[in-house]
Colleague: 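One structure, pasted below without further comment.
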Amino acid sequence: MPRHYEFFLICRYLRKKRLAIFSIVAVALSVAMLIVVTSVMGGFVRQYRQACHGFYGDIIVRADSLMGFPYYEDLIAQAEQLPDVKVATPVIKQFSLLRIDQPGFKLFVRVVSVLGIEPNGYSKITNFKQSLWKQSLLPGPPTLDLPEGFADDPKYRDSGACIVGVEVPYNRQPDGSYKRYPQLYDSPVILTILPLKRTGMIDTDVRVSHPFLLIDDSETSIFSELPPVYIRFDIAQNMSRMYAYRDIDGNEEPAKTSQVQIRVRDGADVERVRRQLQDIWQKIITVKGDPETVMVFETWDEQEGIAPLINQLEHDRALLTILFVIMGVVSIFLIFCIFFVIVTEKIPDIGIIKSVGASSAGVGRIFLAYAGAIGLLGAILGLAMGWPFVVHINAIHDWIAHTFGWRIYDPNVLVFPYIPNEVDWFAAVIIIASALVGSLIGSMIPAIRAALMKPIKALRYE
Amino acid sequence: MSEYIVRAENLVKTYTTGPEVLEVLRGVRLKMRAGEFLAVTGVSGSGKSTLLHLLGLLDEWDSGTIYFDDQDVSALSAAQRDQLRNQEIGFVFQFYHLLPELTVLENTLLPTMVANSTFSWLGNRAKLRKQAMEILAQLGLADRAKHRPAQLSGGEQQRTAIARALVNKPRLLLADEPTGNLDLGTGGRILDLLEDLNANNKQTIIMVTHDPDTAGRAHRQLHLDRGRIHTSSS
C-alpha cells in the first residue's frame, strides 16, 4: 500500500521543480494542438456530411444515363407505401448553359447543373427551403412559380422562374459571406438545355435556349463543380424531352425522370429500404417491360462527387493527426529526457528516502506518479488551452487577418463560411488519456532506474 | 529479547573496479548490547563506514551474517528489511543528508511518513507532529522547525538529522562521522547530545569516527585496520 511520503514528495516536487513546469507545458501544447486539429478537421468532415445529407434524400434511385428512366410515378407511389419511407420525389438533372447579362454584371455564360424539382416534395426531403435567401423567411413551402406581375409575361410562358446556386452569380467574400445584388432578382437569365432524342442524339429541331426569371438564390455549403439552377420539374421534363409522347409509329413513350430521391423515417434501416426499392423496381419492369436502362440505387454518401471529398477530408484529418501524434511521441521522449535529468538530480534524495526505510517500489511509484501528475496537469492545461481556442477559432482567425493581414482559411476552398468551432469531446478524452499514458511511458525507465538504485550508491552519488 | 541487539559474524565485503578486487571487510565480528555506546575507529579506507552501512542494511555483503535480535537479516524479505530500517535503525551521516525542499519539521517527520499510509498519517498527524516537535525542542531546534536546511548552520543541520533518526524511536542509532563536518565546538555539542541520548534514553549507538578524542566519548571502541578488527577496548 502506498505510504504517505510518496504523496507528500510528489506534491512537493511539483511545487518546486522548474523542470516539472516545462514538462507540463510540453504535454499541454501537444494536447492542445491535437484537440484543435481533431476538432477542426473532424468538424469539416461532420459539417460536410451534414450539408450533403441535408441536400439529398437518404436513397437516390437514378438511371446511369442522361436519358433518364421511365415508370418513376409507379416507383414513387409504391415506395411511399413502404412503412420506412417518409417521402419520395422525382428530380431531373441535366447539364445546361446559363447566361446572365444584367447591369452591374459582366456578361457571362457558365455550365450549370439544372435540377428540375417539385419544390414542395423536394423541400420535404432536403433543406432546400432553409437554403433560400429570400423564401426561407416566408411561410409555407418554397415555390418556383412566377411571382405576381410576371405570371402573364409571354416571355416566361413556356419556362417560368428559376433559383440559382449562390455561387453562380457571386463570389464569396474573404469573411465567408456573399455580397448580393438585389437588382439581379426578378430579372431574366437564359438557360440552354440540350434535349436528347430516343437515340441519345441531341434534338436540334426544338428550341433549346429559354428565358427564366431569376427569383432567388440557394446557399448549400456543398462543393460542386457544376453549380445548381433549380426549375420546375414539369418544365425541366419538357425541355429535356423526358415527357410522355407517342411517336410517328404509334409507340407510347412514357414520361421519364433522372432520379427519385427518397427520405426514410428516423431510425429506419436504409440498407433494408434500398433492397425493398430494388424489389419494387424489379416488379415494375416485370409488368411494364424492361427499359434496358442501367439503374443505380445508392445512398446519399455513395454519390459521385460526395464520397471522394469526404474521403479526402478524412484522409487530411488522419494525416494531420498522424503528424501531431509524432509530435506527441517527441513529447514522450522529452518527458523521458526531463525525468532522466530529474532522477539524476534526485539521486541523493533517493538515498536519503531509502535510508529511512522507503521501499524500491515506493521510490519508483514516486517518479511514476510524479509523471502521471505531470501528464494529467498537462492534459488539463492543454484542454484549457485547446477548448477556448476551438470555440473562438473564427474570432482568433479574424483578429489575425485584421492585425497581420494573414487570412489562413479560405472559405472558397471548403465552401463553409466558418471554421468548425465545436470540440470533439470523444477525441479530446482519448487525447487526454493518451497524454497520461504517454507521460507514464516516458517516465518508466527513469522511475525503474530510481527504484533499483542501491541506497548507499545513491547517498555517495555526487 | 536477545542479549545482543546486533551481531555480525565473519562479515566480508569486497568492491570490484575493473580487474581490481578490493577487500574492504575481511571477516569482521561484532556484538552489540542494548544501551551500549560503541565507537568504531580506523584510518580512512579501513572499512569502518562500510561496516556501519552493512549493519544499517544500506548495502549488501559478500559473506557472513548479520543478526538483529538473533534474527538473520539475510533471511528477511526486502520489505521486512525496509521496515527494520524504518522502525529499528536511525542514521546520522557526516554530510547530514537532509532533503533540501523540506523544512526541518518535514525532514524530521520523513520516517513517520514512510511508516504510515496517507490515511493513517493524516489520522495521527497531530500526534506525530507533536512528537517531532518535542524531539526538535529537546535538540534546541524548536524555533527552526519551519526553516529549510539551506537556512541552517552545520550544527543545526546535524541536529535535524539526529531528530529525523530518532523520530521513530529506533533501538539502534548509527552515526557515521557525525562531527566530521563540524567545527570543534559544534562537534562537541553533538557528542554531548549523543552521550545524553545514551545516558538518559538508553539509546544504543554505534558511531564511526577517525578521531580518537571523539571515540573516547563512547563506552567501548573497536579499531578497524585494513578490514579487520584489531583491538577492542572499553
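If you're wondering where the values come from, they're calculated on a predicted model, not measured in any experiment. Proteins get letters first, then strands, A, B, ... in listed order; numbering begins at 1 in each.
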Colleague: In terms of side-chain heavy atoms, does B:Arg29 have a donor or acceptor partner in B:Asn10 at a distance below 3.5 Å?
Modeller: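 Checked: B:Arg29/B:Asn10 side chains pair up, N/O donor to acceptor below 3.5 Å.
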Colleague: Can you say whether B:Arg81 sits under 4.5 Å from chain A via the side chain, the backbone, both, or neither, judging by heavy atoms?
Modeller: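 Contact with chain A: none, neither part.
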Colleague: Does the pair B:Arg7 and B:Thr65 meet the rule for a side chain to side chain donor-acceptor pair (under 3.5 Å), with working shown?
Modeller: CA-CA 8 Å; B:Arg7 266 191 306 140; B:Thr65 314; over 6 Å; no
Colleague: Using non-hydrogen atoms only, which part of B:Ala165 is less than 4.5 Å away from chain A: side chain, backbone, both, or neither?
Modeller: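 Answer is neither: B:Ala165 stays 4.5 Å or more from chain A.
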Colleague: Which region of B:Pro170, side chain (C-beta onward) or backbone (N, CA, C, O), has a non-hydrogen atom less than 4.5 Å from a non-hydrogen atom of chain A, or is it both or neither?
Modeller: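 Neither part; nothing is under 4.5 Å.
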Colleague: Regarding B:Thr160 and B:Arg144, do their side chains bring together a donor and an acceptor under 3.5 Å, going by distance alone?
Modeller: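 Distance-only check fails for B:Thr160 and B:Arg144.
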Colleague: Charged N to carboxylate O under 4.0 angstrom, A:Lys454 versus B:Glu60?
Modeller: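 No salt bridge links A:Lys454 with B:Glu60.
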Colleague: Does the pair B:Lys146/B:Glu106 count as a salt bridge with the N-to-O cut at 4.0 Å?
Modeller: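 Between B:Glu106 and B:Lys146 there is no salt bridge, as every charged N stays at least 4.0 Å from the carboxylate O atoms.
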Colleague: Crowded around A:Ile445 CD1? As in, over 12 foreign heavy atoms under 6.0 Å?
Modeller: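 Not more than 12 within 6.0 Å, no.
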Colleague: Are side-chain N/O atoms of B:Ser153 and B:Glu156 paired as donor and acceptor at under 3.5 Å?
Modeller: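 Yes - a donor-acceptor pair under 3.5 Å links their side chains.
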Colleague: Applying a criterion of heavy atom separation less than 4.5 Å, what residues of residues 351-361 of chain A form contacts with chain B?
Modeller: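 When heavy atoms of chain B are the reference, residues 351-361 of chain A contributes A:Ile352, A:Ile353, A:Lys354, A:Ser355, A:Val356, A:Gly357, A:Ala358, A:Ser359, A:Ser360 within the under-4.5 Å range.
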Colleague: Is any side-chain N of the basic residue among A:Arg12 and B:Glu101 closer than 4.0 Å to the acidic one's carboxylate O?
Modeller: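 Here A:Arg12 does not pair with B:Glu101 in a salt bridge, since their nearest N and O are not under 4.0 Å apart.
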Colleague: More than 12 non-hydrogen atoms from neighbouring residues, nucleotides or ligands closer than 6.0 Å to CD on B:Glu134, yes or no?
Modeller: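 More than 12 heavy atoms, drawn from other residues, nucleotides or ligands, come within 6.0 Å of this atom.
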Colleague: In terms of ring plane angle, is the pair A:Tyr370 and A:Tyr13 parallel, tilted or perpendicular, where the classes change at 30° and 60°?
Modeller: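 Tilted: the ring planes of A:Tyr370 and A:Tyr13 meet at 30° to 60°.
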Colleague: Only pairs of heavy atoms separated by less than 4.5 Å count here; which of B:Thr112, B:Leu110, B:Leu102, B:Thr118 has the most with chain A?
Modeller: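 The option with the most such pairs is B:Thr118.
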Colleague: Do the side-chain N and O atoms of B:Asp225 and B:Ser46 include a donor-acceptor pair separated by under 3.5 angstrom?
Modeller: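 No, B:Ser46 and B:Asp225 have no side-chain donor paired with an acceptor closer than 3.5 Å.
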Colleague: Heavy atoms under 4.5 Å from chain A: which residues of residues 83-97 of chain B carry them?
Modeller: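 Result: B:Arg85, B:Asn86, B:Phe91, B:Phe93, B:His97.
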